[in-house]
Each structure stands twice: as C-alpha cells, then as structure tokens.
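Just so it is clear: chains get the letters A, B, ... in the order the sequence lines come, proteins before strands, and each one is counted from 1. Side-chain atoms are counted along with the backbone in the values below, which use heavy atoms only and exclude waters and symmetry mates.
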Amino acid sequence: MLDIKFLRENLDLVRRKMLERGQDIDLDRFSSMEAKRRNILQEVESMRSERNQASKEIGRKKVQKEDASAIIARMADVSARIKELDELLKETEDALRDVVMIIPNIPHESVAYGASSEDNPVVRTWGEKPVFDFVPKPHWEIGEYLNILDFARGAKITGARFTLYRGLGAQLERALINFMLDLHTSAHGYTEVLTPFMVNKESMTGTGQLPKFAEDLFKIEGLDYYLIPTAEVPVTNIHQEEILEEKALPIYYVAYSPCFRAEAGSYGKDTRGLIRQHQFNKVELVKFTTPETSYNELEKLTLNAEEILKRLGIHYRTVSLCTADLGFSSAKTYDLEAWLPGQDAYREISSCSDFEDFQARRASIRFRREASGRVEFLHTLNGSGLAVGRTVVAVLENYQQKDGTVIIPEALRPYMKGVDRITPAG
RNA sequence: GGAGAGAUGGCUGAGUGGUCGAAAGCGAUCGCCUGCUAAGCGAUUGUACGCCCCUAAAAGGUGUACCGCGGGUUCAAAUCCCGCUCUCUCCGCCA
C-alpha cells in the first residue's frame with residue numbers, strides 16, 4: 001500500500017498516476033476518511049491523557065486514604081466517552097484501510113504510458129526464431145503424440161486446466177526445476193527455500209493478492225488458508241513484521257513451488273495445452289533490497305531469469321510493461337516472452353517486478369540504517385525464473401523435429417540422465 | 001484427537017489492579033579511563049500514530065497506544081474474566 005502521509009500530501013499526483021494506469025480511484029473518500037480519523041484520534045487521545053492524569057491522582061488519594069469518589073465519578077463519564085470514540089475510531093480506520101488497500105502502486109517514472117499490452121515497449125531481444133522446413137506443431141499435439149502430456153486424463157482426475165505428465169514429460173518438468181534451482185543458487189547467489197504451499201490471509205494481504213483479488217485464489221474450505229498462486233507470497237512473507245539489519249541486505253531467495261490459480265474471468269482463453277492451468281510449477285526469485293539499490297537489482301534479477309532461456313537456447317524478447325498493463329502491486333515490471341513457433345507468438349514466461357516499498361509497507365518489512373539507526377521500509381522484488389510449464393511448452397515447440405520427436409537442449413541433458421531426444425517410444 | 005504447561009523489551013528474567021514502557025542482569029552504542037587488550041566508571045539503548053516546532057527531511061518537544069491476538073470487568077488491566085492463536089511436554093494416530 002501507499003504511504004498515508006504521502007497520499008495525503010500528493011493527492012493530485014496520485015490521482016494522475018492512477019489515471020495513467022487506467023484506474024479511477026476514489027481519492028476523495030480517502031481524504032475525508034483520513035481527516036476524520038485524525039480528528040477523532042486527537043480527541044480521544046486528549047481524553048485518555050486526562051484519564052491517565054486522574055488515575056494517578058486517584059492512586060495517590062487511595063494510598064493516603066483520602067476520598068476520591070468525586071474524581072472517580074467524573075472519570076466514569078470520560079471513560080464512557082472514550083469508549084464511544086474508540087468504536088468510532090476503529091470504524092473509521094477500517095474504512096480508511098479498505099480504501100487504501102485497494103489503491104495500486106504508483107508506476108516508476110521510467111514506465112511508459114500505454115493503454116494496453118499493445119503498448120509495452122520491447123527492451124531487447126535475444127536469439128532468433130528457429131527455421132523449420134515443416135509446419136511446427138503446437139505443444140499439445142507434440143505432447144500427445146509423444147505420450148508425455150495427457151490432457152484428457154488430467155481433466156478426468158480433476159477437471160479442466162489440469163494435466164497429467166508421463167514418462168520423459170514428467171522427467172522434463174523435474175529436470176527444468178532442478179536446472180533452474182541449481183543455476184540460481186550456484187551462479188546467481190540465491191538461497192534456496194522450500195515454503196508452505198498454503199498461506200494465511202495476512203500473507204496474502206502482505207503481497208497484495210488480498211483483499212482485492214480473492215476471486216483469483218483457491219481457498220481451503222473451513223479454514224482461513226489459501227493455496228498460493230506463486231511462491232512470491234510465502235517467500236516475501238518470510239520477513240513479515242521484521243526489522244532487518246542494513247548489512248543483511250540484499251537478500252536473494254529462490255523457491256520452487258506449485259502455483260494454484262482460479263483463472264476467474266479467463267474462460268475460453270488458452271483452453272488448449274499447458275499455457276493456462278489451475279496448477280503449474282514455477283521457480284521464483286525474490287529479493288529484499290535497500291531503496292537506493294532496488295532498480296539496479298531489478299535489472300540483475302531480470303537478467304538472471306533471462307539466463308535460463310539463453311542456456312536453453314530459446315529465442316525471447318524482454319518487454320517493459322506500460323502503465324496500463326502493470327500489476328496491482330508493481331512499480332515496474334519486465335516480462336520475458338518466449339517465442340513459441342507452434343503458436344507463432346511470443347508468450348510470457350517470466351514476469352520480473354520491483355514493488356518498491358508497496359509490499360513491505362503492507363507486510364511491515366523494514367530495515368535499520370547502519371549510519372543513522374533509523375528504521376525504514378525496504379524494497380521487495382520478484383520474478384519468475386521461470387514458469388516451468390511454459391518452459392516445457394517452449395522446449396517442445398522450439399526443439400520439435402520433422403519426425404515428431406523433440407531434441408533435449410544440451411543444458412538439460414545432465415538432468416535427464418543423458419537422454420538427448422524424446423521419442424514416442426519413450 | 002485427549003491431558004497439561006507456557007507466551008513480558010535484542011536476549012535472560014521480575015512483576016497478581018493504581019505513580020509500570022515496565023526491576024535486575026546480559027548484549028549493544030557513545031564517552032571516560034587505559035601503552036594495547038581485558039576489567040572498571042558514566043550515559044544511552046523499542047515500535048507506531050497524532051500534535052507542536054520546523055519544514056526538504058531529520059533532529060527536538062509533547063501526547064497516545066503497544067507486555068502473543070481479540071473481547072469483557074473496572075474510575076484504572078502486563079496483572080482479573082472469556083474466546084482464539086502459537087510454542088513446549090505426555091498419550092493416541094500417522095508419512
């Protein structure tokens with residue numbers, strides 16, 4: 001969430017930034033709630049002060065066996081009034097919170113203005129589109145032909161948007177997970193963590209999924225637990241309510257996790273194949289940094305994710321999301337889009353974001369400056385490194401052969417017991 | 001699932017209704033002392049929000065809240081009552 005003081009003092013700026021995002025936020029309601037809160041707070045605090053004074057007086061009189069009944073009677077009224085004001089204050093604070101918690105982050109100044117994803121500038125491109133002397137197939141056809149992806153049985157076991165992997169397909173998924181984790185831990189300096197895959201409401205609120213996006217989440221019936229839509233949630237919340245030492249920063253974490261998404265509102269979109277599933281695997285990169293280093297760290301994090309695609313030899317481009325396409329919590333986001341020849345399209349395979357102090361403020365993650373001893377919110381970042389299911393898609397479609405087999409990229413062979421090709425025989 | 005014990009500041013740990021944001025010790029920081037180190041002496045040592053001052057911020061002044069979380073009793077709650085969460089021990093069950 002945004003800083004209340006900043007919001008109060010920069011209403012016009014914030015309003016303008018929200019319009020750039022295509023969001024019409026009711027900031028007048030914020031202003032009135034915020035002013036009301038301060039009025040009540042001042043009144044109730046002065047009454048509490050009065051009561052505290054009187055309490056000391058009462059204590060003294062009691063000790064000295066004097067009569068205190070007059071003050072006690074007066075304080076009964078004051079206390080009753082405090083109780084009323086407390087309730088009003090709580091209502092007002094809740095209302096204020098409701099407003100502030102659904103205001104998105106302010107885009108960084110380097111983010112391009114745009115009206116839709118069409119306006120996302122391409123930052124760079126790596127590799128080239130592979131040339132085929134046949135018509136490349138979409139991955140669902142390849143996967144079914146090779147008997148490594150079974151969409152019908154996935155649907156039978158659970159439902160639409162669930163897939164059964166088999167044989168070398170299952171191995172390929174696992175190989176990719178291990179390849180990614182190994183690269184990020186040994187070459188890029190991340191610490192591997194394995195987290196709970198269900199989290200509570202506080203964690204979901206801390207990273208911004210709640211309260212606004214409840215319909216995108218799977219909730220456990222009868223409990224206040226949710227299936228994570230990304231490891232970002234448990235990993236960022238590792239340091240919830242903590243004050244870290246400046247010298248401990250930056251902190252880099254990498255985590256494998258399955259991700260569960262309700263995909264409400266995407267009916268009919270990407271219904272075939274692995275692109276849009278209710279459950280998919282992802283290796284996630286998360287950073288905690290000082291404010292002054294976070295944008296440099298975003299560049300590095302994005303390159304860390306890109307390195308996976310480079311080593312796999314998959315052509316991709318990096319785009320910077322424009323104001324309209326930016327996620328709720330993000331101040332700046334790069335998407336990596338892998339080339340998928342079977343679909344003749346670039347598709348998002350990673351999303352790397354700098355949240356500045358937006359999540360840190362929600363989750364109360366702070367650090368202490370070594371020089372001044374002062375406490376301030378740190379910056380959080382994260383990025384997919386990468387979405388594993390979509391990486392399988394990219395491998396299958398980019399490395400497909402005329403005979404229907406698929407070559408395994410060099411970098412992956414150590415993780416596939418040396419297997420260099422997937423054939424229908426397995 | 002059953003039975004019991006516990007949760008206080010960075011840590012240990014006192015505190016069973018009033019002058020307690022909280023004793024004491026440890027740790028840490030600064031200063032003194034010191035050839036160096038150790039010891040010793042003194043001071044400081046949480047977070048949030050509001051107001052004043054100032055205003056770019058900080059510092060400063062002042063008030064309020066916070067002793068796991070939420071509610072209740074009371075003029076007054078770390079302290080009494082109720083609910084919850086978490087931790088530990090024992091029994092049962094289980095990968």
Query raised in the report: Given the rule in the salt bridge (charged side-chain N to carboxylate O under 4.0 Å, His left out) test, do A:Glu93 and A:Lys36 qualify, once you have shown the distances and angles that lead to the verdict?
Result: CA-CA 9 Å; A:Glu93 283 179 339; A:Lys36 189 177 171 191; over 6 Å; no
Any luck finding a side-chain donor-acceptor pair between [X] and [Y] under 3.5 Å?
{"X": "A:Ser294", "Y": "A:Glu356", "value": "no"}
{"X": "A:Lys417", "Y": "A:Tyr415", "value": "no"}
{"X": "A:Gln359", "Y": "A:Ser329", "value": "no"}
{"X": "A:Thr333", "Y": "A:Ser330", "value": "yes"}

Expressed as a whole number of angstroms, how long is the span from [X]:[atom1] to [N]:[atom2]?
{"X": "A:Met47", "N": "B:C51", "atom1": "CE", "atom2": "P", "result": "19 Å"}
{"X": "A:Phe6", "N": "B:C49", "atom1": "CZ", "atom2": "P", "result": "16 Å"}
{"X": "A:Lys56", "N": "B:U64", "atom1": "NZ", "atom2": "C1'", "result": "12 Å"}
{"X": "A:Glu241", "N": "B:C86", "atom1": "CD", "atom2": "P", "result": "17 Å"}
{"X": "A:Glu376", "N": "B:A59", "atom1": "CD", "atom2": "P", "result": "12 Å"}
{"X": "A:Leu85", "N": "B:A65", "atom1": "CG", "atom2": "P", "result": "14 Å"}

Is the distance from the ring center of [X] to that of [Y] below 6.0 Å?
{"X": "A:His239", "Y": "A:Tyr253", "value": "yes"}
{"X": "A:Phe358", "Y": "A:His379", "value": "no"}
{"X": "A:Phe213", "Y": "A:Phe328", "value": "yes"}
{"X": "A:Tyr295", "Y": "A:His108", "value": "yes"}

Are there any protein N/O atoms within less than 3.5 Å of an N/O atom in nucleotides 70-79 of chain B, and if so, which ones and at what distance?
| unit_1 | atom_1 | unit_2 | atom_2 | d |
| --- | --- | --- | --- | --- |
| B:C75 | O4' | A:Ile72 | O | 3.3 |
| B:C75 | O3' | A:Ser79 | OG | 3.1 |
| B:A76 | OP1 | A:Ser79 | OG | 3.2 |

For RNA chain B, the expected dot-bracket line (Watson-Crick or G-U under 3.5 Å, [ ] crossing, | inter-strand) is ((((((((.[[[..)..(.....]]]((((((.......))))))(((((((.......))))))).[[[[[..)....]]]]])))))))....
So the salt bridge (charged side-chain N to carboxylate O under 4.0 Å, His left out) pairs with at least one residue in residues 152-170 of chain A (sequence neighbours excluded) are A:Asp150-A:Arg153, A:Asp150-A:Arg166
Write down the distance separating the [atom1] atoms in [N] and [M], rounded off to the nearest Å.
{"N": "B:C80", "M": "B:A76", "atom1": "C1'", "value": "13 Å"}
{"N": "B:U44", "M": "B:A56", "atom1": "P", "value": "33 Å"}
{"N": "B:A78", "M": "B:G15", "atom1": "C1'", "value": "8 Å"}
{"N": "B:A7", "M": "B:U12", "atom1": "P", "value": "12 Å"}
{"N": "B:U79", "M": "B:G72", "atom1": "C1'", "value": "15 Å"}
{"N": "B:G68", "M": "B:G35", "atom1": "P", "value": "49 Å"}
{"N": "B:U8", "M": "B:C69", "atom1": "C1'", "value": "15 Å"}
{"N": "B:U16", "M": "B:A77", "atom1": "C1'", "value": "11 Å"}

When A:Arg8 and A:Gln53 are each assigned the nearest nucleotide of RNA chain B, the 5'-most assignment goes to A:Arg8
Exercise for the section: Taking only the side-chain nitrogens and oxygens of A:Asn52, find out if one of them lies under 4.0 Å from OP1 or OP2 of B:G18. Expected result: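 No, because none of the side-chain N or O atoms of A:Asn52 sits under 4.0 Å from OP1 or OP2 of B:G18.
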Test your reading of the model: is there a side-chain donor-acceptor pair from A:Asn237 to the backbone of A:Ser203, 3.5 Å cut-off?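 Yes, A:Asn237 side chain to A:Ser203 backbone: donor-acceptor pair under 3.5 Å.
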Contact check, residues 365-375 of chain A vs RNA chain B, heavy-atom distance under 4.0 Å, returns A:Arg366, A:Arg368, A:Arg374, A:Val375
Name every residue in residues 28-41 of chain A that has at least one heavy atom under 4.0 Å from any atom of RNA chain B, in order of residue number, or write none if there are no such residues.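 Result for residues 28-41 of chain A: A:Arg37, A:Arg38, A:Leu41, sorted by number.
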Does the base of B:G63 carry an N or O that pairs as donor and acceptor with the side chain of A:Glu45 under 3.5 Å?
yes
Requested in this report: Select base, sugar-phosphate, or nothing to describe what A:Arg361 touches, counting heavy atoms under 4.0 Å on all strands.
Outcome: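 The answer is nothing, as A:Arg361 stays clear of every strand by at least 4.0 Å.
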Do A:Arg48 and A:Glu45 pass the salt bridge (charged side-chain N to carboxylate O under 4.0 Å, His left out) test, and can you show the C-alpha distance, the side-chain angles, and the key distance before you say yes or no? CA-CA 5 Å; A:Arg48 281 215 189 91; A:Glu45 285 194 348; 5.4 Å; no
#### Entry: Step-by-step salt bridge (charged side-chain N to carboxylate O under 4.0 Å, His left out) determination, A:Lys219 to A:Asp224
CA-CA 7 Å; A:Lys219 187 172 191 299; A:Asp224 237 4; 3.4 Å; yes
Please lay out, stage by stage, how A:Tyr165 and A:Glu173 fare under the test side chain to side chain donor-acceptor pair (under 3.5 Å). CA-CA 8 Å; A:Tyr165 289 65; A:Glu173 180 94 4; 2.8 Å; yes
Margin query: Holding to side chain to side chain contact (heavy atoms under 4.5 Å, CB included), I want the full list of residues that pass it with A:Glu410, two or more places apart in sequence or in another chain.
Written below: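 So A:Glu410 forms a side chain to side chain contact (heavy atoms under 4.5 Å, CB included) with A:Arg413.
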